[in-house]
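We name chains A, B, ... by the order of the sequence lines, and we start the count at 1 in each one.
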Amino acid sequence: MDYSSTINLPKTDFAMRANLPQNEPKILDFWKNEDIYGQLRRQKKGSEKYILHDGPPYSNGAIHLGQTLNKILKDIAVKFKTLRGFDAPYIPGWDTHGLPNELATIKKHKLNPRTVDPVELREKCAEHALHFLDVQREQFIRLGVLGDWDRPYRTLDKSYEAAIAETFGKMAEKGMIYRGLRPVHWCPKCETALAEAEIEYKNKISDSIYVKFPFEDSKGLFPEWKGGNLFILIWTTTPWTLPGNVAIALNKDADFCIVKNGDEGYVMAKSLAEVVAQAAGLPECEVIGSVKGSCLEGESARHPFFDRESKIVLAPYVVLDDPDSAGTGCVHTAPGHGRDDFETGKRYNLPILVPVDGRGRLTEEAGPFASLPYYEANKVIVEYLRKTGALLFAGVKEHSYPHCWRCHGPVIFRATSQWFVSIDADGLREKALKAIDEITWLPSWGHDRIYNMVQGRPDWCISRQRVWGVPIPAVFCNSCGEAIYTPEVVNSAAKLYAEEGSDAWYKKSAEEILPSEFKCPKCGSKSFSKEKDIFDVWFESGVSHAAVMAKREELEWPADLYLEGGDQHRGWFQVSLLSAVASRGEAPFKAALTHGWVLDGKGNTMHKSLGNVIDPMDFVKKFGAEILRLFVSSVDYTADMRFSDEALAQIAEVYKKIRNSCRFLIGNLYDFSVDKSVERKQLLPEDKWILQKKNELISKMREAYENYQFHVVYYYLQSFCASELSAVYMDVVKDRLYTCGPDSLKRRSAQTAMYEVLRDMVAAMSPVLSFTAEEIWQKFFTDKENVKSVFMVDFPESSEIFLSEEEQSDWEFFEKLRNVLYLQLEELRKNKIIKQSLEARADVYAKDAAYDLLLKYSESIKAYFIVSQLEIHPICEKPENLVEVLPGVFVTASKARGEKCLRCWNYFEPANGQEICPRCEEAIAAL
RNA sequence: GGGCCUUUAGCUCAGGCGGUUAGAGCGCACCCCUGAUAAGGGUGAGGUCUGUGGUUCGAGUCCACAAAGGCCCA
């Protein structure tokens, strides 16, 4: 007879195969249509806030894996805090202004940046930025990230633009803003400043000259020198920058010597002497003396054609280990013509000369070379040096040189007027460092990283000669040229931005913007020109704390957490910190958490040119966002992580394991509801055991979430499903679930435990496995628990004690027995005595307390072992030759006695040829 | 060149204060089941901890140097 119709097999339409790419959108629709985000806000209203303030991604192009990782991590953190009862609003933001969007727009519309109307260009830039904002928004939503997607913050919002101006104003009032020179890449043909992104490097043939700077060894650093005139020898490929020379930079640790040439001697780095002598065509290389660079600091040479000195300074970037650079170790330094030179100039308080104009012509400051275009000046200057004897040698050299990507001509480095935030004014640096000490950096080394950066950083250049951004709210007096950024000016601009947006700065005249009675504070004139420079986008994103956190009513200042990639120690963390400390005196976040980089399977950076870039949305289409989310949770994100096929395949397997574990529970709960629950004291020991294990799981998961250690959450979850549930508990309870009476205590006890395990596990995993958790919640719990979405439940409690500590150690004892027994079962299988464990019996020998304990739990232990028969014997009956597996405890497995019950598959000893065991007969009778 | 970081089984991770045969899950191999079935179970084989040199009675665990890789600068 077929008894399968008399047993309770699992029933469910919860699919074994998730088919995530097709099914996730249905869950997304549910979240959207039911406005779960909005419902959560209402539900948590009045609860303690948890503010994770979103760092704005740049709205240019589709999202990449790094942003995917970032947003999923934020989502996990926010959802967990929400389950914990916090009101944790998540307002996503976007960085919309800036060069990449401007350049992309120019390219897309084939605009001429020199002739296009700025307002028209800005409109097209906005369109471009908002397009990609929409693209990214859809993608982030697709990942399952819950947030206020209908009301994100955007740096081009009027209120945001106003906040930028206001923050600038606060800094200006504290005297932190100043105008100064700074070298930038400059295209003399296009007459414009160029950003690094607009530079292309090509090989170029340049002059290569060695120039003698007269030097008097007044301190007697080279006592060995008995010859005639001394010079410091420099090398350069840009003779036209010599008029800007004010210093010669040395490495402090390098050794310098004199190379003799007839009566003359040339000071240069000792290690380069040979190479230089050869390159400069000296007949021989006689080296005299040796002095550390640091000893020469403070000395000075004479400029080769101006009546002024060229100071000898020290600079760490002067290195001698590249013989190809053809240098002498004594580096020509013109602070107006190089970034390094500029920083050195600042440190030594050297004048910053810019004897070249916007068209690339030398100015009056260049003396005899005035009005020459720089490239012609090269020839003339070389000739002049030759005539005056200052030239040691002139040749040519091919090297990589920056060119303008638009006109493809060579560019020059030229200091121009820029706006700066002074890092030391009003003690900003010190205050920022103090704030850094007070912030919680996760991981802790983040502190050292950003501390060192802030400690050593130069002033912050906040201006850009661009159009797509927020204009710096300042005007210039048309009479005296004064740059004016007083509160009156800044507030007028802020008001304008707030009301009309920053486009209005371009549409209106200075007089229309400024108060009617406004006069130049210096000369009293009433005629002004508007500043054309815009803010650096970092300045913009750095004020998000003021523009968003401080302004939106659902947020609070400061934030609990900023969570970004490690590159943001340099970027957003730092600019946010500086702007907040400068304007408010405090850090805008209490803690900063960083994650590493997503690398390819080999551990290398993903890069277009390497062809190893993985598009997250491609992945989502193939495998589902859930797999990506689980991957993100599985790795220790504080370090860089590899995105390899192997790791992803593993994640997919783990996902199936978790899903199937849930499916088994759901399938066996098809006829269960809370009112059928068994009371605590009636629960079977095995069921108490799994509930105890479940509580341990929940506690460990909660702790891991609290510490943002999501990979620990992942580890415990999958380990619980694989080890406790799948390998043990679900196998153990099958017998009861399938064969006992549907409404029997034994079956209901198991279901009671399973229901609570499933409910708590699903709730606890929902921050990570949001789609699957919600799918299960909808299918199974919404009605039973009367909660609409899994995100609206409380994080499960885990304090209930199901097993005392003593009972827990009892179970550990049973587990040891089981392990030993299973080794023996494997032997029996190997010898073809049994196949399944139900075909076996176990005989356990023990004494004293152990014997009593085993006897007391013998029913549970039999189930736990999944054998048909278990007999506990006092140790005096122990047969010979048994191995002692625990002190005083012996186990042996053998073929079960009797026949297999056709219904429950347990072995029993039929009295007179029954097919099914007495237990099954009873169960059938009760049907 | 500088600041900071990473390197434990094929994969993803554990390994307070230095101390017995370095753990887990997955994967893999072999076997079992066919009443979780494009599922489930059992057993087992895999690391000497990136390398080198130190400190120590003793180091994956402390120190130095190196290699590879990463972020940010220069």
Salt bridge (charged side-chain N to carboxylate O under 4.0 Å, His left out): pairs with one or both residues in residues 654-664 of chain A, sequence neighbours excluded: Glu653(A)-Lys656(A), Arg659(A)-Glu775(A)
Would you mind telling me which of [options] lies closest to the side-chain atoms of [X]?
X         : options                   : result
Gln836(A) : rG70(B), rU34(B), rG42(B) : rU34(B)
Glu646(A) : rG35(B), rC11(B), rG69(B) : rC11(B)
His711(A) : rC13(B), rG35(B), rG25(B) : rC13(B)
Leu823(A) : rA14(B), rU43(B), rC11(B) : rU43(B)
Glu826(A) : rG42(B), rC71(B), rC11(B) : rG42(B)
Ala722(A) : rC26(B), rC11(B), rG70(B) : rC26(B)

Short side-chain N/O contact from Ser634(A) to OP1 or OP2 of rU12(B), under 4.0 Å: no
Side-chain N or O of Lys830(A) closer than 4.0 Å to phosphate OP1/OP2 of rC31(B): no
Just jot down the ring-ring contact (aromatic ring centres under 6.0 Å, His included) partners of [X], sequence neighbours excluded, or say none.
X         : result
His711(A) : none
Phe420(A) : Tyr178(A)
Trp811(A) : Trp689(A), Phe814(A), Tyr864(A)
Phe619(A) : Phe623(A), Phe643(A)

Rounded distance (Å) that lies between atom C1' of rC73(B) and atom CH2 of Trp460(A): 17 Å
Contacts of Arg449(A) that satisfy salt bridge (Lys or Arg N to Asp or Glu O under 4.0 Å) - sequence neighbours left out: none
Salt bridge (Lys or Arg N to Asp or Glu O under 4.0 Å) partners of Asp640(A), counting only residues at least two apart: none
I'd like a table of atom pairs between the protein and nucleotides 4-9 of chain B - only N or O on both sides, under 3.5 Å - with the distance next to each one.
{"from": "rC4(B)", "atom 1": "O2", "to": "Arg449(A)", "atom 2": "NH1", "distance (Å)": "3.2"}

Side chain to side chain contact (heavy atoms under 4.5 Å, CB included) partners for Arg642(A), two or more places apart: none
Nucleotide pairing, RNA chain B (Watson-Crick or G-U, distances under 3.5 Å), in dot-bracket with [ ] and |: (((((((..((((.....[...)))).(((((.......))))).....(((((..]....)))))))))))).
Could you go over nucleotides 36-39 of chain B and give all protein N or O partners under 3.5 Å, atom names and distances?
{"from": "rA36(B)", "atom 1": "OP2", "to": "Lys734(A)", "atom 2": "NZ", "distance (Å)": "3.3"}
{"from": "rA36(B)", "atom 1": "OP2", "to": "Tyr738(A)", "atom 2": "OH", "distance (Å)": "2.9"}
{"from": "rA36(B)", "atom 1": "N7", "to": "Lys734(A)", "atom 2": "NZ", "distance (Å)": "3.3"}
{"from": "rA36(B)", "atom 1": "N6", "to": "Ser726(A)", "atom 2": "O", "distance (Å)": "3.4"}
{"from": "rA36(B)", "atom 1": "N6", "to": "Ser726(A)", "atom 2": "OG", "distance (Å)": "3.1"}
{"from": "rA36(B)", "atom 1": "N1", "to": "Ser726(A)", "atom 2": "OG", "distance (Å)": "3.4"}
{"from": "rU37(B)", "atom 1": "OP1", "to": "Arg663(A)", "atom 2": "NH1", "distance (Å)": "2.5"}

Going by atom type alone, with no hydrogens or angles, which donor-acceptor pairs under 3.5 Å involve a side-chain atom of residues 1-21 of chain A and a protein atom two or more places apart or on another chain?
{"from": "Asp2(A)", "atom 1": "OD1", "to": "Ser4(A)", "atom 2": "N", "distance (Å)": "3.0"}
{"from": "Asp2(A)", "atom 1": "OD1", "to": "Ser4(A)", "atom 2": "OG", "distance (Å)": "2.8"}
{"from": "Asp2(A)", "atom 1": "OD2", "to": "Ser4(A)", "atom 2": "OG", "distance (Å)": "3.0"}
{"from": "Tyr3(A)", "atom 1": "OH", "to": "Glu915(A)", "atom 2": "OE1", "distance (Å)": "2.8"}
{"from": "Thr6(A)", "atom 1": "OG1", "to": "Tyr3(A)", "atom 2": "O", "distance (Å)": "2.7"}
{"from": "Thr6(A)", "atom 1": "OG1", "to": "Arg903(A)", "atom 2": "NE", "distance (Å)": "2.7"}
{"from": "Asn8(A)", "atom 1": "OD1", "to": "Tyr670(A)", "atom 2": "OH", "distance (Å)": "3.2"}
{"from": "Thr12(A)", "atom 1": "OG1", "to": "Phe14(A)", "atom 2": "N", "distance (Å)": "2.8"}
{"from": "Asp13(A)", "atom 1": "OD1", "to": "Lys779(A)", "atom 2": "NZ", "distance (Å)": "3.2"}

